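Basis for what follows: all heavy atoms, side chains included, without hydrogens, waters or symmetry-related copies. Since the model is a prediction, treat every value here as computed from it, not as a measurement.
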Amino acid sequence: MTAQTLTLIQPDDWHLHLRDGAVLGRTTKDSARQFGRAIIMPNLTPPITNTTMAMDYKSRIDAQGSGLEALMTLYLTDNTTATDIRNAHDSGIVSGVKLYPAGATTNSTAGVTAINKAYKAIATMEELGLPLLVHGETTHTDVDIFDREKVFIDTQLAPLVSHFPKLRLVVEHITTKEAVEFVQQSNANIGATITPQHLMYNRNHMLVGGIKPHLYCLPVLKRNTHQQALQDAVVSGDDSFFLGTDSAPHAQGAKESACGCAGCYSAPVAIELYAQTFEQLGILDKLEAFASRNGPKFYRLPVNSKTITLIRQDWQVPTSLNYAGDTIIPLGAGETLHWKLQD
């Protein structure tokens, strides 16, 4: 008989965008519905570049009363100093430092223009054991957008890891076979997050029959062979791979425009989307490790003491949600899912 419930150690989201201001009421509660902790991305305007800014942002998140434990990050720039890194580490609230290649994605114009300019900061991170979280795409205009991750790994990430062999590093939201292989062939200091959209969809889903703007994210969805590589990675049970939604909210009008924003808003339904995918892959028994154990192990934190329960029930993802007086379209809008989080 098919199981009708699935109880998991409460999962965490190791890559999350909450934005700021009035929308925090929506975004924090959507994530707290299922996740205990979340690594909070720092690409606000202006970006979170020092510990004081991180503490202030955390206070605004905590003030929402959602119960989500916000694990903060700093935004790495060409000018980040070793002192900045030490202050972040000593604060006890900063769990990592995010490397955005300048111009790679939303609010990344202040990012790193050349990795060697950040070497002093990265050396201090290696010394202190503070993880570097990497958006792994080159921004050279002569590189095809579907090859940006592979080229970044070959030309920037591999040399970086060679130069800093003890650096703890997360390759964020991986999308390619090459990224999977890079992580699998690296030491235990290297981990990777995998999003629900990159497991569920490939570029055909986004492009065939007309562009689907709510599937547009960066890194962009790749061909089906790369999607298969990501699925194989989670099937393998390798604990280097863990849950990171990269849930990135944008109002409907900002997505459905002449220059649509990149990002998928998966937070309201993330664990149900992962459960559906893991069941389709025949590995529902491996969901708890991926969602609830592998991330804490990498970040050297205990697993959560609470649990969540999913029930087997067909239900439809809402076609739209209120977004601080605007409208937002969640990932999977209108689709029927077979697992539902029990409130």
Side-chain angles (χ1 to χ4, degrees), residues 10-77 79-80 84-100 105-111 130-131 133 135 170 172-173 193 243-255 261-270 295 299 301 304 306 321-328 330-331:
Q10 186 177 31
D12 303 296
D13 188 346
W14 301 100
H15 185 127
L16 179 64
H17 298 268
L18 291 175
R19 309 301 185 211
D20 204 356
V23 301
L24 281 175
R26 159 108 257 165
T27 59
T28 57
K29 289 178 174 60
D30 281 346
S31 289
R33 175 173 169 265
Q34 60 217 277
F35 298 118
R37 298 168 290 203
I39 290 281
I40 309 302
M41 292 295 106
N43 59 331
L44 303 183
T45 304
I48 305 299
T49 55
N50 60 58
T51 301
T52 298
M53 295 177 76
M55 293 175 71
D56 289 345
Y57 185 26
K58 178 174 170 56
S59 294
R60 297 193 296 275
I61 295 168
D62 292 347
Q64 305 305 313
S66 70
L68 182 71
E69 183 179 351
L71 307 176
M72 307 310 292
T73 60
L74 293 193
Y75 184 115
L76 189 68
T77 74
N79 301 313
T80 303
D84 291 330
I85 299 302
R86 291 189 184 280
N87 289 342
H89 175 267
D90 293 346
S91 73
I93 69 156
V94 175
S95 297
V97 178
K98 184 61 182 281
L99 190 163
Y100 290 105
T105 189
T106 304
N107 296 341
S108 62
T109 53
L130 188 64
L133 318 179
H135 181 111
V170 179
E172 300 280 20
H173 44 49
T193 55
L243 187 156
T245 64
D246 192 21
S247 180
H250 295 283
Q252 182 177 9
K255 293 288 290 179
C261 296
C264 300
Y265 190 51
S266 60
V269 293
Y299 279 93
L301 294 169
N304 290 315
K306 297 180 180 179
L321 298 166
N322 181 273
Y323 187 57
D326 212 325
T327 299
I328 192 167
L331 186 66

Colleague: Please round to the nearest 0.5 Å and tell me the distance separating atom SG of Cys264 and atom NE2 of His17.
Modeller: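 Rounded to the nearest 0.5 Å, the SG-NE2 separation comes to 11.0 Å.
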
Colleague: How far apart are the closest heavy atoms of Asn79 and Asp84, and which atoms are they?
Modeller: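 Heavy atoms only, the tightest pair is O-OD2, 4.2 Å.
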
Colleague: Looking only at heavy atoms, what is the nearest atom pair of Leu24 and Arg19, with distance?
Modeller: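 Result for this residue pair: CD2-O, 3.4 Å.
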
Colleague: Of the options Ile93, Thr73, Thr52, Ile48, which is the one that meets Tyr57 in a side chain to side chain contact (heavy atoms under 4.5 Å, CB included)?
Modeller: Ile48

Colleague: Considering only heavy atoms from C-beta outward, does the side chain of Tyr100 approach that of Met41 to under 4.5 Å?
Modeller: yes

Colleague: Which atoms form the tightest heavy-atom contact between Ala110 and Thr77, and what is the distance?
Modeller: O-CG2, 3.6 Å

Colleague: Testing the basics here: between Gly96 and Leu130, what is the closest heavy-atom pair and its distance to 0.1 Å?
Modeller: N-CD1, 3.9 Å

Colleague: What heavy-atom pair brings His250 and Ala254 nearest, and what distance separates the two atoms?
Modeller: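 Smallest heavy-atom distance, with atoms named: CB-CB, 4.4 Å.
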
Colleague: Hey, are the side chains of Ile40 and Met72 touching, using non-hydrogen atoms and a 4.5 Å cut-off?
Modeller: yes

Colleague: Do the side chain of His173 and the main chain of His135 share a donor and acceptor less than 3.5 angstrom apart?
Modeller: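 No; judged by distance alone, with no hydrogens or angles, the pair does not exist.
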
Colleague: Please identify which of these residues, Thr193, Val170, Thr245, meets the side chain to side chain contact (heavy atoms under 4.5 Å, CB included) condition with Trp14.
Modeller: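 Single pass found, and it is Thr193.
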
Colleague: Are Lys255 and Tyr265 side-chain neighbours, meaning at least one heavy-atom pair lies under 4.5 Å?
Modeller: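 Not touching, per the 4.5 Å side-chain cut-off.
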
Colleague: Among Leu71, Thr28, Thr27, Leu68, exactly one meets side chain to side chain contact (heavy atoms under 4.5 Å, CB included) together with Leu16. Which residue is that?
Modeller: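 Testing Leu16 for a side chain to side chain contact (heavy atoms under 4.5 Å, CB included) against Leu71, Thr28, Thr27, Leu68 leaves exactly one candidate, Leu68.
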
Colleague: When rounded to the nearest 0.5 angstrom, what distance separates CG in Asp13 from CZ in Arg37?
Modeller: 12.0 Å

Colleague: Considering non-hydrogen atoms only, spot the tightest contact between Ile328 and Pro249 and give its length.
Modeller: CD1-CB, 3.5 Å

Colleague: Is there a donor-acceptor contact under 3.5 Å linking the side chains of Asp12 and Tyr299?
Modeller: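 No, no side-chain donor-acceptor pair sits under 3.5 Å.
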
Colleague: Do any N or O atoms from the side chain of Glu172 and from the backbone of Leu99 form a donor-acceptor pair under 3.5 angstrom?
Modeller: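 Between the backbone of Leu99 and the side chain of Glu172 there is no qualifying donor-acceptor contact (under 3.5 Å).
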
Colleague: Out of curiosity, Glu69 CD to Asn304 CG, how far, rounded to the nearest 0.5 Å?
Modeller: 8.0 Å

Colleague: When rounded to the nearest 0.5 angstrom, what is the spacing between CG in Asp326 and CD in Gln252?
Modeller: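 Spacing of CG (Asp326) from CD (Gln252) equals 8.0 Å.
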
Colleague: Are side-chain heavy atoms of Met53 and Pro46 found at a separation under 4.5 Å?
Modeller: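 A side-chain contact under 4.5 Å exists here.
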
Colleague: Does Ser247 use its side chain to pair, donor to acceptor, with the backbone of Ser266 at less than 3.5 Å?
Modeller: yes

Colleague: Give, for atom CZ of Arg86 and atom OG of Ser91, the distance between the pair rounded to the nearest 0.5 Å.
Modeller: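 With rounding to 0.5 Å, CZ (Arg86) is 14.0 Å from OG (Ser91).
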
Colleague: I want to check something: taking the side chain as every heavy atom from C-beta on, are Thr80 and Leu74 in contact at a cut-off of under 4.5 Å?
Modeller: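 In short, these two side chains do not touch, never coming nearer than 4.5 Å.
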
Colleague: Could you tell me whether the side chain of Asn43 reaches within less than 4.5 Å of the side chain of Lys98, counting heavy atoms only?
Modeller: no

Colleague: Quick check for you: to the nearest 0.5 Å, what is the distance between Asp56 atom CG and Thr51 atom OG1?
Modeller: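 Output value for this atom pair is 11.0 Å.
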
